[in-house]
Each structure stands twice: as structure tokens, then as C-alpha cells.
Amino acid sequence: MTPRHHPAWYFTIRAHPAVEVVVDEVAHHFTARELSGAERDREFGRAVAMNPGRRRFRDRAGTREIPVLRLLPTP
């Protein structure tokens, strides 16, 4: 993986995995964890099932593996 192939936000989250997601003006705090192997493949498959447009995104990525991150609630 090289920086030119992934968006800047991906590298920011890898460097600083504590993230905040705001929904309807309410902040929720999470810790991001990158998935790999079978877990990554399974979750990417679920994402494609929810939004088939992601299949085109995957096809355009060529041999680059699209990262999948899981957000775990921070107590």
C-alpha cells in the first residue's frame, strides 16, 4: 500500500484511531481497527451487498485491496 493509492483520511485514522462520528448533532466516540484476512473479506462482502455500487469501486481499484475499518464504541 502506498499513500497515492489510499485517501488521506485513511492514513489519518491509522495514525490516530480515536474517531468521532456526529449524527444529528450528537457526537459518538469510537476506536478504529483495520480488518484483515477472512474478517476483512467477509465485511467487505457485506458492504457490497448493502451497496452494490461498491463492486464497481472494487473493480476500479485493480489489484489494490480496499481497506476495511471497524469502529468500536469507546466507553
(message) Any salt bridge linking R40 with E34? Criterion: basic side-chain nitrogen under 4.0 Å from a carboxylate oxygen.
(response)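 So R40 does not pair with E34 through a salt bridge.
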(message) With a 4.5 Å cut-off on side-chain heavy atoms, are P73 and H28 touching?
(response)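 No - every pair of side-chain heavy atoms lies 4.5 Å or more apart.
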(message) Looking at G53, is its backbone amide N or carbonyl O close enough to the side chain of N51 to form a donor-acceptor pair, meaning the two atoms are under 3.5 Å apart?
(response)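 Pair found, side chain donor or acceptor close to backbone of G53.
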Approximate separation, where rounding is to 0.5 Å, of [X] [atom1] and [Y] [atom2]:
X   : Y   : atom1 : atom2 : result
L35 : L69 : CG    : CG    : 7.0 Å
R55 : F44 : CZ    : CZ    : 9.0 Å
E65 : S36 : CD    : OG    : 8.5 Å
Y10 : I66 : OH    : CD1   : 12.0 Å
F30 : L72 : CZ    : CG    : 9.0 Å

(request) State which residues pass salt bridge (charged side-chain N to carboxylate O under 4.0 Å, His left out) with R33; sequence neighbours excluded, sorted by chain then number. (result)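 Here the qualifying residues are E39.
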(request) Flag yes if W9 and F11 sit in one hydrophobic cluster, no otherwise; membership is Ile, Leu, Val, Met, Phe, Trp, Tyr, and two members link when side-chain heavy atoms are under 4.5 Å apart. (result)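 Yes: a chain of side-chain contacts under 4.5 Å links W9 to F11.
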(message) If hydrophobic clusters are built by linking Ile, Leu, Val, Met, Phe, Trp and Tyr wherever their side-chain heavy atoms come under 4.5 Å apart, do L71 and I13 end up in the same one?
(response)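 Yes, same cluster.
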(request) Work out which heavy atom in A47 is nearest to a heavy atom in R54; give both atom names and the distance. (result)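 Minimum heavy-atom contact is O-NH1, 3.0 Å.
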